[in-house]
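Computed over heavy atoms, backbone and side chain alike; hydrogens, waters and symmetry mates excluded.
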Amino acid sequence: MSKRTFKALVIITLLIVIFPVSVYAVTSSEIEAELMCDCGCGDVLVNCTCERSEEMRAIITGMINEGQSKTQILAAFVSQFGEVILSSPPRKGFNLVAYSVPLAGLLVGSVVAVSLARRWRSSKREDDDEEPETKDVITEELEEKIRGEMENLED
């Protein structure tokens with residue numbers, strides 16, 4: 001290893017060690033976006049303005065200051081309030097239905113739409129292929145009446 005490469009590695013290592021840990025730390029707004037306010041308003045904690053949301057924010061800030069990770073903080077809230085406190089269901093177990101049903105519905109709807117469009121298009125082609133029946137709409141009798149009416153108009 002050359003001296004230049006070694007110096008670059010030492011500088012990068014020092015920067016990683018010296019760089020403030022706060023850049024890697026979780027912010028309260030990240031956690032608030034994943035929690036619902038438990039006051040009953042139905043808002044995500046980050047958007048709620050009630051007194052209870054302020055209390056929950058203070059709890060989150062305290063947990064962050066204690067050095068807890070995002071996973072630990074969310075787990076603490078889930079253990080206290082249950083999974084209803086989460087703004088979106090965790091992607092495991094039966095909750096996968098909440099993620100898979102819309103996708104399945106989209107796929108089924110797309111298949112139905114394509115098949116209907118193809119059926120409509122093929123029936124349109126069949127209609128175009130058929131020769132229209134030509135009927136003499138104006139018979140001789142009708143032509144005589146029209147001539148007579150035209151002569152009456154000219155007089």
Side-chain angles (χ1 to χ4, degrees), residues 1-139 142:
M1 186 181 320
S2 70
K3 285 185 177 183
R4 191 173 196 175
T5 308
F6 180 74
K7 285 181 181 179
L9 286 174
V10 169
I11 290 172
I12 291 172
T13 305
L14 287 174
L15 285 175
I16 290 173
V17 171
I18 295 172
F19 205 75
V21 178
S22 63
V23 172
Y24 303 111
V26 66
T27 62
S28 62
S29 60
E30 288 178 47
I31 297 171
E32 290 172 21
E34 294 194 28
L35 293 174
M36 300 295 291
C37 185
D38 70 335
C39 70
C41 65
D43 284 340
V44 179
L45 186 58
V46 74
N47 297 332
C48 191
T49 58
C50 69
E51 285 183 34
R52 178 62 185 147
S53 68
E54 294 302 323
E55 293 172 12
M56 291 175 73
R57 285 187 187 96
I59 293 169
I60 292 170
T61 303
M63 294 172 93
I64 290 173
N65 291 338
E66 291 173 3
Q68 293 187 20
S69 69
K70 180 179 177 179
T71 308
Q72 291 172 324
I73 295 170
L74 291 175
F77 275 93
V78 168
S79 69
Q80 184 176 358
F81 298 104
E83 286 186 351
V84 295
I85 197 73
L86 298 174
S87 61
S88 63
R91 292 182 174 126
K92 62 181 183 179
F94 185 72
N95 291 334
L96 285 175
V97 172
Y99 293 99
S100 60
V101 167
L103 180 61
L106 182 64
L107 290 173
V108 168
S110 298
V111 168
V112 168
V114 167
S115 66
L116 288 175
R118 284 183 179 170
R119 187 177 299 161
W120 176 70
R121 188 174 180 192
S122 67
S123 69
K124 186 82 168 159
R125 283 184 187 161
E126 289 172 5
D127 290 345
D128 290 344
D129 291 343
E130 294 176 6
E131 292 185 24
E133 295 180 21
T134 56
K135 295 182 180 178
D136 291 333
V137 178
I138 300 177
T139 60
L142 185 57

Problem set entry | With V78 via side-chain contact (heavy atoms from CB on, under 4.5 Å) - residues at least two apart | E83, I85, L86
For this session: Apply side-chain contact (heavy atoms from CB on, under 4.5 Å) to V84 and list each qualifying residue two or more places apart in sequence or on a separate chain.
Result: none
For this session: Name all residues meeting the side-chain hydrogen bond (donor to acceptor under 3.5 Å, both in side chains) criterion together with S29; count only those two or more places apart in sequence or in a different chain, and write none if there are none.
Result: T27
Exercise. Atom OG1 of T5 and atom NZ of K7: how far apart are they, to the nearest 0.5 Å?
Worked result: 11.0 Å
For this session: Using side-chain contact (heavy atoms from CB on, under 4.5 Å) as the criterion, list what pairs up with V108, not counting sequence neighbours.
Result: V112
Seminar exercise, completed: The side-chain contact (heavy atoms from CB on, under 4.5 Å) partners of Q72 (sequence neighbours excluded) come to Q68, S69
Solution key, residues 31-48 side-chain donor-acceptor pairs under 3.5 Å, sequence neighbours excluded:
from : atom 1 : to  : atom 2 : distance (Å)
E32  : OE1    : R57 : NE     : 3.2
E34  : OE2    : K70 : NZ     : 2.7
D38  : OD1    : R52 : NE     : 2.7
D38  : OD2    : R52 : NE     : 3.3
D38  : OD2    : R52 : NH2    : 3.4

